2 protein chains.
Amino acid sequence: MNKPRIKSELKRNQILDAATLQFTQHGYAATSMDHIAKLAGVSKQTVYSHFGNKDELFITAISYKCEQLGVTELLPENLGPVESTLTLFSQRFFAMITSTDSMAVHRTCAAECVAHPHLSKLFFEAGPLFVIDKLANCLAEYHRRGELDIEDCREAAIQLLAIIKGEQWTRLEFNIAESLSEQEINHYLQRSVRLFVRGYQSLG
Amino acid sequence: MNKPRIKSELKRNQILDAATLQFTQHGYAATSMDHIAKLAGVSKQTVYSHFGNKDELFITAISYKCEQLGVTELLPENLGPVESTLTLFSQRFFAMITSTDSMAVHRTCAAECVAHPHLSKLFFEAGPLFVIDKLANCLAEYHRRGELDIEDCREAAIQLLAIIKGEQWTRLEFNIAESLSEQEINHYLQRSVRLFVRGYQSLG
DNA sequence: GTCTATATAGCGATAGAC
DNA sequence: GTCTATCGCTATATAGAC
């Protein structure tokens, strides 16, 4: 008779998965509670008993996705030569931000930034700000070693991250059909790191 | 008795203005034909007699905004010293892409890139692609003069444009409250141009 | 706790008067 | 060409059976 406890947890996750998929795919307004319930394989009332209303479900689903953003390790544990470290970083970072999940959450938060400012801020802090800090620390270390001559490491981190996104990320944001091959992307990343290193190299 | 002709044109523009505002502010699904009609000061039937249905009105409104994107002249007619030209360009470009209009259309097209791929492509070509080509031509000229050593001018243009957007543009995309002052932005732009020029300068 | 059935409101789109 | 009034439909959210 006391099965409900565990059964509820399972259904809760089913609902959250379905909600995340629908919200990030079709947007907040175009997603209906009926569709979420059907996709999760539960009744609509079950959805409401778990999350109260549509807004709460949306916030719970997207918040969870935001908190998962910073899990991937982007920098190697031991920092080797500048160019190889930053090249590796750029490849990992680019792969992360162009993943289907990342793109979907990004689009959703941006689209809802007026109606749900708390969510867009959550995404911004867990995503962009989080990575800026990490890279800035890395650049500071290379500056300390005398391998890079950087006055403002946070600013430099912002610049490198922006270059990495380049045109390709925007193409994905707008769902443009023609996109670059993996080889072309790696070529672009490698040359972008080179531009960055050359722009900040120590002359003395 | 034959006033309708001219009166119609006026109402048509009122409807288009109202539709653009609502669609870019609240998104496609969250905008209703009733609200547009009320905001435009006409009846709903008048909206339908002019534009047929919601989708057609949306496409007409956003397409018009997209076509207006490339009107601002970003580069000076006569190209002077590299750094001053690119600094001026960066300021104009940044002002353009961070305008309320640009941001609103960008967000709308990105949010609707699956349901309305034609619109997002229109925006991408009239915006990003258009500017990339213009800047690439400019960089090619400096390469020809021997002031910059650029192997791939289109790639370099993409890199500079990306740096200019930097973190600040993303803040605006997500409607983050705290943003930089005009002075801080100009400082960032100036130093970004310097990084770019230093990374691509001719060594001899 | 979970289901089916339903209340209420707002949507896109249309009909008919003037 | 423009208005008011209205049709169907679907949305969010709730009520009551088990």
Side-chain angles (χ1 to χ4, degrees), chain A residues 1-62 108 111-112 114-116 119, chain B residues 1-63 108 111-112 114-116 118-119:
Chain A
M1 214 67 151
N2 276 8
K3 265 192 295 181
R5 263 282 169 57
I6 177 158
K7 199 173 184 183
S8 177
E9 195 111 342
L10 178 71
K11 298 215 177 202
R12 191 190 141 93
N13 288 334
Q14 287 172 357
I15 295 168
L16 268 182
D17 284 347
T20 305
L21 192 68
Q22 293 284 307
F23 280 135
T24 57
Q25 204 151 33
H26 307 111
Y28 179 79
T31 296
S32 75
M33 297 295 263
D34 287 275
H35 286 135
I36 292 173
K38 185 157 281 182
L39 185 63
V42 301
S43 80
K44 194 160 61 166
Q45 179 56 30
T46 302
V47 177
Y48 276 96
S49 77
H50 274 275
F51 296 98
N53 57 44
K54 186 181 178 181
D55 217 62
E56 199 174 316
L57 175 56
F58 179 68
I59 292 172
T60 308
I62 303 299
T108 308
E112 291 299 317
V114 176
H116 297 89
L119 277 188
Chain B
M1 216 59 153
N2 276 8
K3 266 191 294 182
R5 261 284 170 53
I6 178 159
K7 199 174 185 183
S8 178
E9 195 110 345
L10 178 70
K11 299 217 176 202
R12 190 191 143 93
N13 287 335
Q14 287 172 357
I15 295 168
L16 267 182
D17 284 345
T20 305
L21 193 66
Q22 293 284 305
F23 280 136
T24 57
Q25 205 152 33
H26 306 111
Y28 179 79
T31 296
S32 75
M33 298 295 264
D34 287 275
H35 286 136
I36 293 173
K38 186 157 280 183
L39 185 64
V42 301
S43 79
K44 193 159 65 166
Q45 179 57 32
T46 303
V47 177
Y48 275 95
S49 77
H50 274 275
F51 295 98
N53 58 43
K54 187 181 178 180
D55 217 62
E56 198 174 317
L57 175 55
F58 180 68
I59 291 171
T60 308
I62 303 300
S63 297
T108 307
E112 290 300 315
V114 176
H116 297 89
H118 176 70
L119 277 187

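Naming: A, B, ... by sequence-line order, numbering from 1 per chain. Worth saying up front: this structure is predicted, and the values here are computed from it rather than measured.
- Taking atom OH on Tyr48(A) and atom P on dA7(C), their separation rounds to 17 Å, with Å as the unit.
- One can place CG of Leu57(B) at 15 Å from P of dC11(C), the figure rounded to the nearest angstrom.
- Taking atom NE2 of residue His26(A) and atom C1' of nucleotide dT10(D), one finds them 16 Å apart after rounding to whole Å.
- Put simply, the side chain of Thr24(A) reaches to within 4.5 Å of the side chain of Ile62(A), judged on heavy atoms.
- Taking 4.5 Å as the limit, every side-chain heavy atom of Val114(A) sits out of range of all side-chain heavy atoms of Gln25(B).
- Take the nearest nucleotide of DNA chain D for Gln45(A) and for His35(A): the residue whose nucleotide is more 5' is His35(A).
- Picking from dT12(D), dC11(C), dG1(D) the nucleotide with the shortest atom distance to the side chain of Lys54(A) gives dT12(D).
- With hydrogens and angles left out, the side chain of Lys44(B) and the base of dG12(C) share a donor-acceptor pair within 3.5 Å.
- Under the 4.5 Å side-chain criterion, counting only non-hydrogen atoms from C-beta, Arg12(A) is in contact with Thr60(A).
- Here the P atom of nucleotide dC11(C) and the CD atom of Gln22(B) are 11 Å apart, to the nearest Å.
- Residue Ser32(B) is in sugar-phosphate contact alone, with no base atom involved, counting any heavy-atom pair closer than 4.0 Å across all strands shown.
- Distance from the side chain of Asn53(A) is smallest to dA13(D) among dT2(D), dA13(D), dT14(C).
- In this structure, Gln14(B) atom CD and dG1(D) atom C1' are separated by 14 Å, rounded to whole Å.
- OP1 or OP2 of dC3(D) lies within a sub-4.0 Å distance of a side-chain N or O belonging to Ser43(B).
- Close to dT2(D), at under 4.0 Å from its OP1 or OP2, lies a side-chain N or O of His50(B).
- The interatomic distance linking Met33(A) (CE) with dT2(C) (P) rounds to 15 Å, in whole Å.
- In this structure, Phe51(A) atom CZ and dA13(D) atom P are separated by 14 Å, rounded to whole Å.
- One atom, CG of Asp55(B), and another, P of dA13(C), lie 8 Å apart when rounded to the nearest Å.
- Here Asp34(A) lies in heavy-atom contact (under 4.0 Å) with a base.
- In this structure, Lys54(A) forms a cation-pi arrangement with Tyr28(A), its terminal cationic atom sitting closer than 6.0 Å to the ring centre and no more than 45° off the ring axis.
- No side-chain heavy atom of Gln14(B) sits under 4.5 Å from any side-chain heavy atom of Thr46(B).
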